[in-house]
**Q** 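Okay, handing you the structure first.
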Amino acid sequence: MTKEMIQKINAMNEVMVQVESNAITYVHIQDSSEGGYDYTLFDEDGEEIDGGLFEPEDDFVQLGDALSIILGDETDGEYRIVRILSEDEMEELLEDMLELY
């Protein structure tokens with residue numbers, strides 16, 4: 001992930017990105033009310049692969065930095081961010097994914 005993309009995501013409270021990797025297609029991440037960041041990983045069919053609460057040891061880790069760490073861990077560094085979804089795209093995709101359950 002480029003520094004510019006990390007900086008752009010750091011300015012957000014919630015984001016969904018499209019990812020190119022072996023298993024992950026979308027990642028949704030947002031600030032958690034418990035501290036840290038809630039994240040969910042989805043495959044190409046919109047099914048949830050994994051998720052949880054990412055609690056960085058350093059209080060200065062921002063959303064983009066957390067996303068970079070999570071993706072690096074989940075893909076062994078083998079990923080590329082294709083794009084950041086717009087808020088409307090994110091909401092529509094999340095609604096569609098909820099219908100799968």
Side-chain angles (χ1 to χ4, degrees):
M1 187 173 349
T2 66
K3 286 184 181 183
E4 293 81 22
M5 189 171 286
I6 290 173
Q7 289 173 342
K8 183 175 182 177
I9 295 171
N10 279 345
M12 302 173 166
N13 294 325
E14 177 180 20
V15 70
M16 185 170 234
V17 295
Q18 184 177 359
V19 180
E20 190 175 279
S21 77
N22 288 337
I24 300 168
T25 304
Y26 296 101
V27 179
H28 178 248
I29 185 168
Q30 63 187 358
D31 290 336
S32 171
S33 60
E34 300 171 13
Y37 303 98
D38 287 319
Y39 71 95
T40 308
L41 310 173
F42 299 95
D43 68 12
E44 63 186 21
D45 296 324
E47 293 190 33
E48 187 176 324
I49 299 170
D50 194 12
L53 179 63
F54 176 75
E55 296 179 279
E57 294 177 16
D58 183 352
D59 290 339
F60 300 105
V61 172
Q62 295 177 305
L63 191 71
D65 303 310
L67 177 60
S68 180
I69 293 167
I70 291 165
L71 282 171
D73 289 348
E74 293 290 333
T75 65
D76 294 326
E78 302 286 327
Y79 74 92
R80 181 177 75 84
I81 300 290
V82 176
R83 67 191 182 103
I84 298 171
L85 278 66
S86 71
E87 191 171 322
D88 289 341
E89 289 173 314
M90 176 179 64
E91 289 175 10
E92 184 178 327
L93 192 57
L94 288 172
E95 285 176 16
D96 290 347
M97 290 173 178
L98 286 174
E99 290 176 8
L100 292 173
Y101 299 107

**Q** Once side-chain hydrogen bond (donor to acceptor under 3.5 Å, both in side chains) is applied, do any residues pair with Glu74, and if so which ones, sequence neighbours excluded?
**A**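 Result, side-chain hydrogen bond (donor to acceptor under 3.5 Å, both in side chains) vs Glu74: none returned.
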
**Q** With hydrophobic residues grouped by side-chain heavy-atom distances under 4.5 Å, do Tyr39 and Val82 end up in a single group?
**A**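 No; Val82 is not reachable from Tyr39 via cluster members.
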
**Q** Mark yes or no for whether Asp73, through its side chain, and Ile70, through its backbone, hold a donor-acceptor pair below 3.5 Å.
**A**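 A pair under 3.5 Å: no.
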
**Q** Kindly write out the residues that satisfy side chain to side chain contact (heavy atoms under 4.5 Å, CB included) with Ser21, not counting sequence neighbours, or none if the list is empty.
**A**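 Side chain to side chain contact (heavy atoms under 4.5 Å, CB included) list for Ser21, sorted by chain: Val19, Ile24, Thr75, Tyr79.
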
**Q** My understanding is that only residues two or more places apart in sequence, or in another chain, count here; which of them pass side chain to side chain contact (heavy atoms under 4.5 Å, CB included) with Ser86?
**A**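 Here the qualifying residues are Asp88, Glu89.
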
**Q** In sequence, state the C-alpha distance, the side-chain angles, and the governing distance for Tyr26 and Met16, and then conclude on side-chain contact (heavy atoms from CB on, under 4.5 Å).
**A** CA-CA 7 Å; Tyr26 296 101; Met16 185 170 234; 4.2 Å; yes

**Q** Write out all pairs satisfying salt bridge (Lys or Arg N to Asp or Glu O under 4.0 Å) with one or both partners inside residues 1-18, taking only residues at least two apart or from two chains.
**A**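 Qualifying pairs: none.
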
**Q** For residues Gly64 and Asn10, report the shortest heavy-atom separation together with the two atoms involved.
**A**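 For Gly64 versus Asn10, the nearest heavy atoms are N-OD1, 2.7 Å.
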
**Q** Evaluate side-chain contact (heavy atoms from CB on, under 4.5 Å) for Met12 paired with Ile84, printing each intermediate quantity in order.
**A** CA-CA 11 Å; Met12 302 173 166; Ile84 298 171; 4.3 Å; yes

**Q** Please name all residues satisfying salt bridge (Lys or Arg N to Asp or Glu O under 4.0 Å) with Glu20, sequence neighbours left out, ordered by chain then number.
**A**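 Result, salt bridge (Lys or Arg N to Asp or Glu O under 4.0 Å) vs Glu20: Arg80.
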
**Q** Are the side chain of Asp76 and the backbone N or O of Glu78 linked by a donor-acceptor pair below 3.5 Å?
**A**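 Not confirmed, Asp76 side chain does not pair with Glu78 backbone.
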
**Q** Grab the two heavy atoms, one from Ile9 and one from Met1, that are nearest each other, plus how far apart they are.
**A**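 Smallest heavy-atom distance, with atoms named: CD1-SD, 4.1 Å.
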
**Q** Got a second to check how far Leu85's CG is from Met90's CE, nearest 0.5 Å?
**A**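 Between Leu85 CG and Met90 CE, I get 8.5 Å after rounding to 0.5 Å.
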
**Q** For the CD atom on Glu87, are there more than 12 heavy atoms of other groups (residues, nucleotides or ligands in this structure) within a distance under 6.0 Å?
**A**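 Count not over threshold, so no.
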
**Q** Which is it for Glu55 and Tyr37 under the side-chain contact (heavy atoms from CB on, under 4.5 Å) test, yes or no, and what are the steps along the way?
**A** CA-CA 7 Å; Glu55 296 179 279; Tyr37 303 98; over 6 Å; no

**Q** Show the numbers, then the answer: is there a side-chain contact (heavy atoms from CB on, under 4.5 Å) between Ile69 and Phe54?
**A** CA-CA 9 Å; Ile69 293 167; Phe54 176 75; 3.8 Å; yes

**Q** Please give me the minimum heavy-atom distance between Asp43 and Asp45, naming the atom from each residue.
**A**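 Closest approach of Asp43 to Asp45, heavy atoms only: OD1-N, 2.9 Å.
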
**Q** How close do Gly36 and Pro56 get, heavy atom to heavy atom, and via which atoms?
**A**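 For Gly36 and Pro56, the tightest heavy-atom pair comes out as CA-CD, 4.1 Å.
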
**Q** List the residues meeting side chain to side chain contact (heavy atoms under 4.5 Å, CB included) with Glu44, not counting sequence neighbours, and say none if there are none.
**A**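 Glu44: side chain to side chain contact (heavy atoms under 4.5 Å, CB included) contacts with Thr25.
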
**Q** Over all heavy atoms of both residues, which pair between Ala66 and Ile29 is shortest? Give the atoms and the distance, please.
**A**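 For Ala66 versus Ile29, the nearest heavy atoms are CB-CD1, 4.2 Å.
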
